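The structure under discussion appears below in the form of structure tokens.
Note that the structure is a prediction, hence the values are computed from the model and not measured. Per chain, numbering begins at 1; letters A, B, ... match sequence-line order. All heavy atoms count here, side chains included; hydrogens, waters and symmetry mates do not.
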Amino acid sequence: MAEPTNSEIAAALDELGDLHELDGAIVHRIVAYRNAAKAVREAPVSVTGMARQGRATELAGIGATIQEKVLALADEGAIPAAVRLRAKFPAGLLEITRLPGLGPKRARRLYEELSIDSLAALQTAAAAQRIRALKGFGPRAEESLLAAANAAIAARCVAADGQDGRDGGPGRMVLGRALAIGEQLVAALLAHPASERVQLAGSARRMTDSVKDLDVIATAHEPLALARAAAELDLVESAQTPGEAGVRLRTHTGLRVDMRIVAPDQFGNLMQHFTGSKEHNVALREASVRKGLHVSEYGVKDDATGETYRCAREEEVYALLGLDYIEPELRENRGELTAAAAHALPSLVSTSDLRGDLHCHTTTSDGTASIQEMAIAAREAGYEYLAITDHSASFGFGDEVSSDELRAQIDRIHALSGTDAVAGMRLLAGSEVNILPDGSLDYADEILAELDWVVASVHSSFQMPAEAMTARITAAIANPLVDVIGHLSGRKIERRPPYALHFPAIVEAAVAHGTMLEINASPDRRDLNELHARAAAAAGVGIVINCDAHRTGGFEVARYGVATARRAWLGPDAILNTRPWVQLRARRPRHR
DNA sequence: GCCGTTTTCGGCCCGACTGTTTTCAGTCG
């Protein structure tokens, strides 16, 4: 049997947490399993491998007990405790527990007292009004449980039809779309005379891949007037009753917005609280309690003085706790608190550090603009150099570029490079070459050798097993004419999962051959993801951030690639296209 | 079940909301 992957171990630990929750274990034990699952899911190396060396306990949240359970999963195919608990509770019970408003305690009582062990059984019991007779339940609870059960069953039918239920869960919006709405909202509110400060908080501020909703924090000299104005904005579909403390909105795109208005001297506290993440805040508060400080959205209470300190600025919150300011992108409880206490936080890359872009398309393949137009757009976006990397000979969408066409394209690019026609922009003749299923590329080495820049990407046969896909990509990495692998995992956020791949083997090959890995900045991709980018850079792989622009406006997405790099803890040194082209050129694998 | 500037036991974030209850447990973010 193959060794369990990190995501398989994480799923097993999450399940064990769920089962212990049903079994009535104390909440801290359940939280411990959830924390361990997160640690495993985010670990950059094989946790099974670590456990075999007795080193899984080096991961925060994993102790000797869970390490043993990982080994049991690897050696026996199951965790004994999970097998025992699965036999104790019907499978449908977990589904009931996940209904909104119903936790493990009340779900278990429904099971024990009314034998409710499935959504269908819950529907029947609620319809027959048997639930309201239970102590602690009433007609209102019965009503809302019936509605929740109906909704869950309807959602299940929709998912079965393939209309919804994609990975990432229902109702999440890709950050690019959400930020477009959120930034418009913030600008409109800032323009209103009643407002003072207005800022996005929440996961949008942390620049996560996708968001569930938007959090907006404001101060105002007339709070009620601002809340009312928010409810009246064109992009708002419906609003709850505006109040002094804010208003809840729903936009026409279905995105929920929670707008809070706060006193100026608590703006920092509220921003800190609502920026999250939950994991960051929990860890921050636990560490603070040990110093006698209690952090909430209202202030920092000091046990020693009994006083609650309010902070107008977020920086003050962190300073009170003895921490350096932590950039929002780092607030995921991935080591940032320890680093902030030790004054060892990384200095993160920013959009203005990028000097060039190394992946874009023109009308020669599937782009909408000419070489010249793309060059000028890139210059206006602040770049010094741009690689033109149209698709290759077997793209498959009718935009194939034959070897002869590519030669002509190389001449065109070199003729334009550095001229006034492209505002002095340095243009690099490149290609985005397909990695075919057997690992070969769809241009001959002779022509690849003529190119200034070669991106190699997978665009077909996504369903290969992990071993074959890994061999396919490592074969491309081993070709010294390949400079960088484009959008390594092939994922489309909220639409298509990554294909199966052994990431550590990719990193190993990239280190061995000096091949770079791309963070594709398209907000739908952000591929490498932040965890892979962090692990790859730590192993010494050169990272480049590319826009994959298909039109002149396509360079605006650089911020999403930079955000992924920042969430990966990367500074300008780790990102090779922050360097001048002459330095980057010397770093190409063919020069090793 | 994890963990340690209260260190191998005894803790383990904070507050709001809901529905049910006369003071709170459960759930959620």
**Message:** Atom CZ of residue position A:R132 - does it have more than 12 heavy atoms of other residues, nucleotides or ligands inside 6.0 Å?
**Reply:**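 Yes, enclosed.
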
**Request:** Give the rounded distance in Å between these two atoms: CG of A:D213 and P of B:dC28.
**Result:**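 Rounded to the whole Å, the gap is 16 Å.
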
**Asked** Whole Å only: how far is the NE2 atom of A:H20 from the C1' atom of B:dG1?
**Response**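 Going from A:H20 (NE2) to B:dG1 (C1'), I get 9 Å.
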
**Asked** Would a distance-only check, ignoring hydrogens and angles, find a side-chain to backbone donor-acceptor pair under 3.5 Å from A:T219 to A:V262?
**Response**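 Not at all, since once roles are kept as given, no pair shorter than 3.5 Å links the two residues.
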
Looking at [X], I'd like to know whether one of its side-chain N or O atoms comes within less than 4.0 Å of OP1 or OP2 on [N].
{"X": "A:H294", "N": "B:dC14", "result": "yes"}
{"X": "A:Y298", "N": "B:dA16", "result": "yes"}
{"X": "A:R106", "N": "B:dG26", "result": "no"}
{"X": "A:T65", "N": "B:dC2", "result": "yes"}
{"X": "A:R285", "N": "B:dC13", "result": "no"}

Rounded to whole angstrom, note down the [atom1] distance from [N] over to [M].
{"N": "B:dT18", "M": "B:dC13", "atom1": "P", "result": "24 Å"}
{"N": "B:dT20", "M": "B:dC28", "atom1": "P", "result": "15 Å"}
{"N": "B:dC2", "M": "B:dT6", "atom1": "P", "result": "23 Å"}
{"N": "B:dC12", "M": "B:dC17", "atom1": "C1'", "result": "24 Å"}
{"N": "B:dT8", "M": "B:dC3", "atom1": "C1'", "result": "10 Å"}
{"N": "B:dT7", "M": "B:dG11", "atom1": "C1'", "result": "12 Å"}
{"N": "B:dC14", "M": "B:dC9", "atom1": "C1'", "result": "25 Å"}

**Message:** What's the closest nucleotide to the side chain of A:I26 if the choices are B:dG1, B:dT27, B:dG29?
**Reply:**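 Closest nucleotide to the A:I26 side chain: B:dG1.
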
**Asked** Only one of A:I30, A:D18, A:L85 clears side-chain contact (heavy atoms from CB on, under 4.5 Å) with A:D23; which?
**Response**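 For A:D23, the side-chain contact (heavy atoms from CB on, under 4.5 Å) test succeeds with only one of A:I30, A:D18, A:L85, which is A:L85.
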
**Asked** What class does the angle between the rings of A:H280 and A:Y318 fall in, given that below 30° is parallel, 30 to 60° is tilted and above 60° is perpendicular?
**Response**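 Ring orientation, 0 to 90° scale: tilted.
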
